[in-house]
*Asks:* 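Before we start, here is the structure in question, set down as structure tokens.
The chains referred to below are lettered A, B, ... by the order of the sequence lines, with proteins before strands, and numbering in each begins at 1. Model, not experiment: these values are computed from the prediction.
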Amino acid sequence: MTEETHSVPRTRTHNCGELRPSDVGADVVLMGWVHRIRDLGGLTFLDVRDRHGLTQVVARDGSAVLARIKQVRPEYVIGVAGPVERRSEETLNPKIATGEVEVEARALVVLSEARTPPFQIDEETPVSEEVRLRYRYLDLRRARMRENIGLRHRITMAVRNSLDADGFWEIETPLLTKSTPEGARDYLVPSRLHAGEFYALPQSPQIFKQILMVSGMDRYFQIVKCFRDEDLRADRQPEFTQIDVEMSFVDEEAVFAAVERLMQAVFHVLGKEVPAPFPRLTYDEAMTRYGSDKPDLRFAMPIQDVSGVFREGRFKVFRELVARGGSVRALVVPGAGRQSRAQIDNLVDEALALGAKGMVWVRQSPEGAIQSSILKAAGEEALAQVVETVGAGRDDLTLIAAGQGYEASVLLGQFRLRLAEREGLIDENRTSLSWVVDFPLMDWSETEQRLVSMHHPFTSPRPEDLDRLEDDPAAVRARAYDLVLNGNEIGGGSIRIHRAELQARIFRLLKISDEEAQARFGFFLDALQYGTPPHGGIALGLDRIVALVAGEPSIRDVMAFPKTSAAVDLMAGSPSSVDRRQLRELHLE
RNA sequence: CGGGUCGUAGUUCAGUUGGUUAGAACGCCGGCCUGUCACGCCGGAGGUCGCGAGUUCGAGUCUCGUCGGCCCCGCCA
């Protein structure tokens, strides 16, 4: 038999996703995982799978490999050799790229056997995330994860190419470094050579990238792991990847332009064009109109000020609040006015659950009569005026809240998001990229009883606010900006302080003593004194960007080996205890 | 640390008011099958109901504790 003279060479000629009708007749060698076996008795089909796709292999009656193929099980790694054949018209499979052809197995070798996997490697079988994480190597074989990881690679390459084209150099910075001031809790690494001393893993390469500007590197980027020892969320992992960028001799405009080109390159990977420049709004506008510093601008629904209606009105609660400098704000929810009274009351309960003191609503009956939870107390006239001011239609529901500062807007901002989602007002196909600018420089921390940097302590104040730094620090705006994608913060940066005197002044305000500043980052303050170019930059969250464009709910789904919400690696079993000998070497016992 | 939710076969789930021998689907094992492609048909094996106490004549079901997954608050420059 000629078949028995066949054997399988050591290397493949094609991958499992590339055979086409033009290959018909060629003798090929495929290698991959057994995806599925369809044993029809005297005829057996087998799908062999690799990263590139799926190819059908057929073994016919009388073939020498038919007996052998029956020994094969799912997830075995095999090699198959044989001719490519065109499938007959009725047996084409349009669902796979190689579906017009199949390979007739003349030889088959089992390269390695596989235990029965704990779950099926397909897209149909649901698997809990816990099991997926424990057997991540199997989960990564599934199309969803394979596509996410591939997308991440293509985005990463697009980022590198875009920044390279703009003259950036990719430069590595240390992972064993020194604790940065302020910010998140550090991961610490004990030093063996220096008893009682520790390295810190970087929360970001902030100081190093600024020093690279002092060094004259001009434009730097790095796709780099960062570490923060804080509690986890769907969009937060203890180690995550930043696209870290810094530029010399620039203002905000140059940073925005570079990042806009970069984001266009990212979306180009998906075949999407995004218009630039991206819209900008100030922190104050964002907070006032959307109740968030990362507003989702895929839909409108701005929060409006109706303080004027209540300033002189009958409704005492609002009148007095406005008199004390507060504001009354309103959110129109299109189409929500026809909900039942009970549903609307539920919204008020929801507001109370969010910690609000209260929330008021107004709507019109189908006949146009004003209905409201404060109809008697505020009077029909005032409420009609609200409806007119905000431009609410017959079917709309208007929610009203009052408070000091951004309090009312923040509450309504949460309903803006929740209700837009519930009412289906968000166009999932839209892409909204925007800049939020003019963040406050500092914020009062109740827990620490001192001013803290809102961004980080190297952020430059806006020059026109400099004279207010000491008298009214809360009013000082920073040259800081965030990049927002569909209501998610995907990056933040600033123009930095490049003069040592101003940096020292900021530290005084932050109650960071000279001694402390010297001890923790004296090297950086020294560097600033040797000729520092004006500079600024940004850090973008690569995991978040990929998750958002992949439509995944969690950044875990775009990371090969993520940790659980308790910061545990279920596959590797970390963290774990270590030998006492290791502890002794590290002077930890 | 706090709030919510889930934990039953390898996997995903069902399991009534606390009551006989805890079920289904997929997977797995065996058999049949020459054009399947989530093949089909027949048969079979498979359970520490997360763990530990408690209430009860009797607990998958109720109570308490504990462990783990997920979401959220705080936290995250």
*Asks:* In terms of relative ring orientation, are Phe521(A) and Phe507(A) parallel, tilted or perpendicular, with 30° and 60° separating the classes?
*Replies:*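 Geometry flag for Phe507(A) against Phe521(A): tilted rings.
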*Asks:* Taking any strand in view, what nucleotide pairs with C13(B) in a Watson-Crick or G-U wobble way, both distances under 3.5 Å?
*Replies:*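 Looking at the geometry, C13(B) pairs with G23(B).
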*Asks:* Using the benzene-type ring in the case of Trp, are the ring centres of Phe524(A) and Phe458(A) under 6.0 Å apart?
*Replies:*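 Ring-ring flag for Phe524(A)/Phe458(A): true, centres closer than 6.0 Å.
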*Asks:* Under a 3.5 Å threshold, yes or no: a donor from one side chain and an acceptor from the other, between Asn93(A) and Gln56(A)?
*Replies:*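 Asn93(A) vs Gln56(A): no donor-acceptor pair found between side chains.
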*Asks:* If I take atom CG in residue Asp61(A) and atom P in nucleotide C32(B), what distance separates them, rounded to the nearest angstrom?
*Replies:*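 Distance, rounded to whole Å: 13 Å.
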*Asks:* Is there a donor on the side chain of Arg233(A) or the base of G74(B) sitting less than 3.5 Å from an acceptor on the other?
*Replies:*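 Between G74(B) and Arg233(A), which were checked side chain against base, a qualifying N/O pair under 3.5 Å is present.
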*Asks:* Are the ring of Phe45(A) and the base ring of U36(B) both nearer than 5.5 Å at their centres and tilted by less than 30°?
*Replies:*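 Yes, aromatic ring over the base.
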*Asks:* When the distance from CD1 of Ile555(A) to C1' of C70(B) is rounded to whole Å, what number comes out?
*Replies:*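 Interatomic distance, CD1 of Ile555(A) to C1' of C70(B): 15 Å.
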*Asks:* If you count the non-hydrogen atoms of other residues, nucleotides and ligands that lie under 6.0 Å from CD in Glu470(A), is the total more than 12?
*Replies:*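 Yes, because the 6.0 Å sphere around CD of Glu470(A) holds more than 12 heavy atoms from other groups.
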*Asks:* Go through G10(B), U34(B), C76(B) for me and flag the one nearest to the Leu40(A) side chain.
*Replies:*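 Of all the options, the side chain of Leu40(A) is nearest to U34(B).
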*Asks:* Pick the closest RNA chain B nucleotide for Asp231(A) and for Lys70(A) by heavy atoms, then say which residue is nearer the 5' end.
*Replies:*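 Result: Lys70(A).
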*Asks:* Are any of Ser128(A)'s side-chain N or O atoms less than 4.0 Å away from OP1 or OP2 of U12(B)?
*Replies:*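 For U12(B), OP1/OP2 do have a side-chain N/O of Ser128(A) under 4.0 Å.
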*Asks:* In whole Å, measure the gap between the P atoms of G68(B) and C62(B) for me.
*Replies:*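 So the two P atoms sit 23 Å from each other.
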*Asks:* Specify whether Tyr135(A) and Phe119(A) have parallel, tilted or perpendicular ring planes, treating 30° as the upper limit for parallel and 60° as the lower limit for perpendicular.
*Replies:*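 Tyr135(A) vs Phe119(A) ring planes: perpendicular.
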*Asks:* Please measure how far the P atom in G4(B) lies from the corresponding atom in G47(B), and state the result in whole Å.
*Replies:*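 Their P atoms lie roughly 36 Å apart.
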*Asks:* Would you mind classifying the nucleic acid contact of Glu102(A) as base, sugar-phosphate or nothing, using non-hydrogen atoms under 4.0 angstrom?
*Replies:*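 Base, at least one base heavy atom under 4.0 Å.
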*Asks:* C39(B) and U34(B): how far apart are their C1' atoms, nearest whole angstrom?
*Replies:*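 Those two atoms are separated by 13 Å.
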*Asks:* For A22(B) and U8(B), measure between their C1' atoms and round to the nearest Å.
*Replies:*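 Taking atom C1' in both A22(B) and U8(B), they lie 8 Å apart.
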*Asks:* Looking at every strand, decide which applies to Asp39(A) at a 4.0 Å heavy-atom threshold: base, sugar-phosphate, or nothing.
*Replies:*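 Answer is base: heavy atoms of Asp39(A) come under 4.0 Å of a base.
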*Asks:* With the side chain of Gln120(A) defined as its heavy atoms from C-beta on, choose the nearest nucleotide among C71(B), U12(B), G27(B).
*Replies:*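 When the side chain of Gln120(A) is considered, G27(B) is the closest of C71(B), U12(B), G27(B).
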*Asks:* Determine, for Glu100(A) against Arg20(A), whether the closest basic-nitrogen to carboxylate-oxygen distance falls under 4.0 angstrom.
*Replies:*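 Salt bridge absent between Glu100(A) and Arg20(A).
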*Asks:* Please find out if less than 6.0 Å separates the ring center of Tyr76(A) from that of Trp33(A).
*Replies:*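 They do not qualify: ring centres at least 6.0 Å apart.
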*Asks:* Closest approach to the side chain of Val127(A), judged atom by atom: which nucleotide of U11(B), C71(B), C39(B) is it?
*Replies:*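 Between U11(B), C71(B), C39(B), the one nearest the side chain of Val127(A) would be U11(B).
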*Asks:* Rounded off to whole Å, could you give me the CZ-to-P distance for the Arg556(A) and C71(B) pair?
*Replies:*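 Nearest whole value for this atom pair: 4 Å.
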*Asks:* Taking the C1' atom in each of U11(B) and U21(B), what is the distance between them to the nearest angstrom?
*Replies:*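 U11(B) and U21(B) have their C1' atoms separated by 25 Å.
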*Asks:* For the side-chain hydrogen bond (donor to acceptor under 3.5 Å, both in side chains) test, which of His535(A), His456(A), Gln503(A) pairs with Arg496(A)?
*Replies:*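 Answer to the side-chain hydrogen bond (donor to acceptor under 3.5 Å, both in side chains) test with Arg496(A) among His535(A), His456(A), Gln503(A): His456(A).
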*Asks:* Per the atom types in the model, does the base of C37(B) pair as donor or acceptor with the side chain of Arg87(A) at under 3.5 Å?
*Replies:*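 Indeed, a donor on one side and an acceptor on the other fall under 3.5 Å apart.
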*Asks:* In whole Å, what separates the P atom of G27(B) from that of C42(B)?
*Replies:*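 Rounded to whole Å, the distance is 14 Å.
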*Asks:* Would you say Thr91(A) reaches U36(B)'s phosphate, i.e. side-chain N/O to OP1/OP2 under 4.0 Å?
*Replies:*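 Answer no for this pair, as no side-chain N or O of Thr91(A) is under 4.0 Å from OP1 or OP2.
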*Asks:* Taking the side chain of Thr116(A) as heavy atoms from C-beta outward, which of C28(B), C71(B), A38(B) is closest to it?
*Replies:*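 Of C28(B), C71(B), A38(B), C28(B) is nearest to the side chain of Thr116(A).
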*Asks:* Among the candidates G74(B), G35(B), C70(B), find the nucleotide nearest to the side-chain atoms of Arg236(A).
*Replies:*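 When the side chain of Arg236(A) is considered, G74(B) is the closest of G74(B), G35(B), C70(B).
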*Asks:* Under the 3.5 Å rule, do the base of G74(B) and the side chain of Glu230(A) count as making a donor-acceptor pair?
*Replies:*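 Flag unset: no donor-acceptor pair detected.
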*Asks:* Could you say whether Leu570(A) or Arg36(A) is positioned toward the 5' end of RNA chain B, judged by the nucleotide with the nearest heavy atom to each?
*Replies:*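 Nearest-nucleotide comparison on RNA chain B picks Arg36(A).
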*Asks:* What nucleotide, of C70(B), U12(B), C37(B), holds the atom closest to the side chain of Asp47(A)?
*Replies:*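 Shortest atom-to-atom distance from the side chain points to C37(B).
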*Asks:* For Arg60(A) and G35(B), what is the distance between atoms CZ and P respectively, to the nearest whole Å?
*Replies:*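 Atom-to-atom, Arg60(A) to G35(B), this comes out as 12 Å.
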*Asks:* To the nearest Å, give me how far apart CD (Glu130(A)) and C1' (G50(B)) are.
*Replies:*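 Those two atoms, CD and C1', are 10 Å apart.
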*Asks:* Does Arg38(A) make a side-chain N or O approach to OP1 or OP2 of G40(B) shorter than 4.0 Å?
*Replies:*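 So the side chain of Arg38(A) is outside the cut-off, no N or O lying under 4.0 Å from OP1 or OP2 of G40(B).
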*Asks:* Does a distance-only test, which skips hydrogens and angles, find a donor-acceptor pair under 3.5 Å between the side chain of Arg115(A) and the base of G10(B)?
*Replies:*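 A donor-acceptor contact between them is absent.
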*Asks:* Are Ser565(A) and C70(B) close enough that a side-chain N or O sits under 4.0 Å from OP1 or OP2?
*Replies:*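 Yes, within the criterion.
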*Asks:* Taking the minimum atom-to-atom distance to the side chain of Glu129(A), which one of A38(B), G10(B), C70(B) wins?
*Replies:*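 Looking only at side-chain atoms, Glu129(A) lies closest to C70(B).
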*Asks:* Rounding to a whole Å, what distance do you find between His35(A):NE2 and A38(B):C1'?
*Replies:*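 For the pair His35(A) NE2 and A38(B) C1', the rounded distance is 8 Å.
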*Asks:* How close or far is atom P of C39(B) from atom CG of Asp122(A), stated in whole angstroms?
*Replies:*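 So the CG-P distance, Asp122(A) to C39(B), works out to 9 Å.
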*Asks:* Using whole Å, what does the distance between atom C1' of nucleotide G2(B) and atom CG of Leu232(A) come to?
*Replies:*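 In whole Å, G2(B) C1' and Leu232(A) CG are 17 Å from each other.
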